[in-house]
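Contents: one structure, followed by commentary.
Order of the sequence lines sets the chain letters (A, B, ...), proteins ahead of strands, with each chain counted from 1.
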Amino acid sequence: MVEIDFKAIEKKWQEKWEKAKCFEVSENSKKKKYYVLEMYPYPSASFLHMGHVRNYTIGDVYARFKRMNGFNVLYPMGYDSFGLPAETAAKKEGIHPKKYAETSIKMIMKYQKALGNSYDWSRVIASHEPDYYKWNQYFFLKLYEKGLAYRKKAPVNWCEKCQSVLANEEAESGKCWRCGEEVVKKDLEQWFFKITKYADRLISDLDKIEWPERIKVMQKNWIGKSHGTEIDFSINGEKWPVFTTRPDTIYGVTFLVISAQHPRLMELVSEKQKKEVEKLLDRIKKVKSQEEIESLEKDGVFTGSYAINPINNEKIPVYAGNFVIADYGCGVVMAVPAHDERDFQFAKKYKIPIKVVINPDSFDLNPEKMSRAYTPDGRLINSGEFNNWSNREAMDSITEYLAKKKLGRKTINYKIRDWLISRQRYWGTPMPMIYCDKCGIVPVPEKDLPVLLPEKVDFKSVGNPLASSKIFVEVKCPKCNGKARRETDTMGGFVDSSWYFLRYCDSRNKKKAFDEIKVNYWMPVDQYIGGAEHAVMHLMYARFFIKALKDLGYVKFDEPFTRLFNQGIVYKDGAKMSKSKGNVVFQTDISDKYGIDTARLFLMFVSSPDKQMEWSDDGVEGAFRIINRLIRISENLTKTSDKLQDHKINLAIKKVTEAIEIFEYPKAIISIVECLDKFSEGMSKENFGIILRMISPFCPHIAEELWEKIGKIASLSSDKNSKIPNKFSRGFISLSDWPVCDEKKIDENLEKQEQAVEKLILDLRNILKILEGKGEKKSQIKIFVIPNELEIYKNANKKIEQIFGMKTEILSIKEAISTGKKIQAKPGKPGIFLE
RNA sequence: GUGGGAGUGCCGGAGUGGUCAAACGGGACAGACUCAAAAUCUGUUGCUUAGUGCUUCCUAGGUUCAAAUCCUAGCUCCCACACCA
């Protein structure tokens, strides 16, 4: 075999693609548009590992597939280059974040280009460039004008290690999503986007998009819409609303619990109880630092205040408790120990009375003997005029009753909080806001955008380096021209990623964030590809942002990503492959040895793109062999084909096309490989051209090389159907047409025939093996088939002779009968006679 | 705890009611080629047998003429959410 210089082939075609601008696209096309996008990566200064290679290849295969299928495919790449890691690196290594980001981008780009992906590199963006972040500021101002961006003081998540606040979504079970540090609550003035206003639309529009069900469920849960009733309890003569989803249990309330973190808790605490409450707060603080809050016991103390239940004027104690969340509902709950497990535990612990108001149908509950709360449905007792109602039916009636008396109202509650976008960090988009002692908060006028991030700042200072930059902070008020100061917080990176896919549509526009015609042409993204870890972060924020932009008139669609595909994670040694864990296999580890096409083919072959995979080198060789086989066949092409070959090839077209469409790449590759196997001794040029095109999304370089070698395509008959005139393909397989299945050439009978013969050969092998074991030698094979199957087996003798080297005859069973032999033949199972 | 997913032959991994002893790849074994090896090609890879029969797809039951595939219970693993009133 000739040594193949894969490196040279890769380089050659990558250069050719670039020179010919193969993958650069514009809106001026008669073809239908298709937008394929991978989540843009955070550039870190390292090599790509197999996890990256896999992700990018998944998208590239799809983009190439769609392109060959006659779509005008936008497939861009860019970089999420703002963010904390660059800043940390800057502090640690003394490199400026900008330098760090730009070096990293150069590196990662180099490696991405070596993958041979069909990106339109002319559109590349990086979020740290003023050309980009200027528009973050612009949109921020627009949202501010509409009241969708606002500033307020609120208890927020603070990460001590990152020295910044975090959005709710970024505090995963009380820990920072980046560094894992325990998050603490702080009361700070911060900027928010009003995502809560879109909560309903974010839920209902999920029906419009084709996303994995689990992502939709996660978003729904995160938004956490629940219908309920707000009931006003009076405490110390003041109205305190309480949210509940169980108004039917209102008569069973025996105490209230206010969250220990509630900002107004102290208003309820009596002088006498102050010490006790403070002790509770201390206990809770200690618990904060502990790993597991899950096993936490209910803890609380009496505040010294009493509340009046509005429905029956009962006087009930108010407790402060650790299990009530301050910022959900009203931060105060009405406790019904008989019918809520948490309330029950609390009541037992503090010996608070338990009052049953719902009885099961079959018996009566005894509050003295209950060992746990009764939570199912039943009929009401001890409930005044609602006695004997079914509790379900009473829910609405009780709410109406309260509403009529102005003691309560129907409400909807959401778990989702407004999106906190401020970060006390340097390396992000500066907020275009100014504080003036006279005029208050003043937005930077549009004409002054972008507010540039100053390069010279002191990274050694504590906290946000921006805050110590006088040139940046000190500014004149745009309104009164007086002394004022700039906002020194920057925007979290999820703002950048909320609209970057719009910028790709018109990434070089200096005057606008994007041209609306262009954006409305390309958007929405038809196929988005990325990890599931962004389910309630990026994927939620981007949906909100697009909805807001639609309301502001910038875009015409509701949802940014029509289809979403979650790729699986690559593991090694039981952990996610990542630089920080040190369990990486680099792109070059494989590509240096076998070429990048082998790496691509292997990754797409070895497991489904949506499945997590454990990395193993076993099998890389297999992928390499497939490519070599392809090359070998290319040296052995015939002018003509036969029916069986045409049948197999056309069947493969059908299977491969269907499989790629739904990301079942391994299946597609199997179908191709089966053809290679079947016709390893030679294939018609035409059929080989089909195979080449089908494998080209997986192995684009070698496919181009062989495509060129076998002398192009013009003669290929399937090109008659071509949607792309040959002159547009310019000789590139990457721009050629996807083969079209010729149904007429698919002949199921050939398939049956082949299988029948194969079964026969298998049987023969079996028999011969057994006979060999017995030491019997035979030299002739006679196959007796039932008369109407003669056609199926008629050519089998040649093949059998070839394999076994024995004279073989195919005969009708009638002849066996006439010669008096005791041979049986059944349909699909001819009689075999050896002598 | 709640919700979701998964458990297939030595390994990875197809397969969702019959055409399944179970695709495809890896590995292993045997043979061909070779002085030899690599590469390549051919075959074997649950047990059995003149092409048969038998036992298998986490475990135990069940539905069905028929189950890896459907139902029930249990075990194990993974992921997400986590006291949301």
Is [N] paired to anything, Watson-Crick or G-U wobble with both distances less than 3.5 Å, and if yes, which nucleotide?
N     : value
B/C57 : none
B/U2  : B/A80
B/U69 : none
B/C10 : B/G26
B/U52 : none
B/U63 : none
B/U16 : none
B/A38 : none

Between [X] ([atom1]) and [N] ([atom2]), how many Å, whole number?
X      : N     : atom1 : atom2 : value
A/I669 : B/G25 : CD1   : C1'   : 11 Å
A/R342 : B/U2  : CZ    : P     : 14 Å
A/E533 : B/C81 : CD    : P     : 11 Å
A/N628 : B/A39 : CG    : P     : 11 Å
A/R246 : B/C84 : CZ    : P     : 13 Å
A/I569 : B/C79 : CD1   : C1'   : 9 Å
A/I767 : B/A50 : CD1   : C1'   : 5 Å
A/W222 : B/C81 : CH2   : C1'   : 9 Å

Using atom names, set out every protein N or O paired with an N or O of nucleotides 44-49 of chain B below 3.5 Å, distance rounded to 0.1 Å.
unit_1	atom_1	unit_2	atom_2	d
B/U49	O4	A/N766	OD1	3.3

Can you check the distance between [N] and [M], where both ends of the measurement are the [atom1] atom (answer in whole Å)?
N     : M     : atom1 : answer
B/G5  : B/U49 : P     : 45 Å
B/A28 : B/G74 : C1'   : 36 Å
B/C77 : B/U72 : P     : 22 Å

Among residues at least two apart in sequence or on other chains, which ones pass ring pair (Phe, Tyr, Trp, His ring centres under 6.0 Å) with [X]?
X      : answer
A/F624 : A/F6, A/Y594
A/W615 : A/F602
A/W240 : A/H262
A/F663 : A/Y62, A/F565, A/Y665

Find which nucleotide of RNA chain B each of A/T245 and A/I832 is nearest to by heavy atoms, and output the residue with the more 5' nucleotide.
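Final value for this comparison: A/I832.
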Identify the residue among A/M604, A/Q567, A/M50 that makes a side chain to side chain contact (heavy atoms under 4.5 Å, CB included) with A/T57.
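The side chain to side chain contact (heavy atoms under 4.5 Å, CB included) with A/T57 is passed solely by A/M604 among A/M604, A/Q567, A/M50.
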Report which part of the nucleic acid [X] touches: base, sugar-phosphate, or nothing (heavy-atom distance under 4.0 Å, all strands).
X      : result
A/T244 : sugar-phosphate
A/P212 : nothing
A/I803 : nothing

What are the residues of residues 619-627 of chain A, sorted by number, that bring a heavy atom to within less than 4.0 Å of RNA chain B?
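Under 4.0 Å from RNA chain B: A/G619, A/G622, A/R625.
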Is a salt bridge present between [X] and [Y], judged by a nitrogen-to-oxygen distance below 4.0 Å?
X      : Y      : answer
A/D200 : A/K225 : yes
A/E758 : A/K678 : yes
A/K648 : A/E754 : yes
A/D589 : A/K593 : no

How close do A/T303 and A/V318 get, counting heavy atoms only, and between which atoms?
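The answer is OG1-O, 2.7 Å.
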Among the candidates [options], find the nucleotide nearest to the side-chain atoms of [X].
X      : options             : answer
A/D618 : B/G26, B/A85, B/G15 : B/G26
A/F243 : B/A50, B/A85, B/A14 : B/A85
A/P830 : B/A85, B/C84, B/G51 : B/G51
A/R632 : B/G25, B/U40, B/C83 : B/U40

Verify the contact: side-chain N or O of A/K667 to OP1 or OP2 of B/G15, cut-off strictly under 4.0 Å; return yes or no.
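For B/G15, OP1 or OP2 has a side-chain N or O of A/K667 closer than 4.0 Å.
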Exam field: side chain A/D597 to backbone A/I702, donor-acceptor pair closer than 3.5 Å
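Flag set: sc A/D597 to bb A/I702 pair under 3.5 Å.
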Donor-acceptor contact present, side-chain A/S608 to main-chain A/D610, <3.5 Å
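Pair absent, no side-chain N/O of A/S608 close to backbone of A/D610.
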Assign a letter to each nucleotide of nucleotides 3-12 of chain B from its 5' end: B, base within under 4.0 Å of a protein heavy atom; S, sugar-phosphate only; -, no contact.
----------
My understanding is that only residues two or more places apart in sequence, or in another chain, count here; which of them pass salt bridge (Lys or Arg N to Asp or Glu O under 4.0 Å) with [X]?
X      : result
A/R214 : none
A/E658 : none
A/K216 : none

Listing time: all N or O pairs from protein to nucleotides 52-56 of chain B that are below 3.5 Å?
unit_1	atom_1	unit_2	atom_2	d
B/U52	OP1	A/K829	NZ	2.8

Distance-only donor-acceptor hits, side chain of residues 342-349 of chain A, under 3.5 Å, sequence neighbours excluded:
unit_1	atom_1	unit_2	atom_2	d
A/R342	NE	A/D340	OD1	3.2
A/R342	NH2	A/D340	OD2	2.7
A/D343	OD2	A/V336	N	2.8
A/K349	NZ	A/E297	OE2	3.2
A/K349	NZ	A/K298	O	2.7

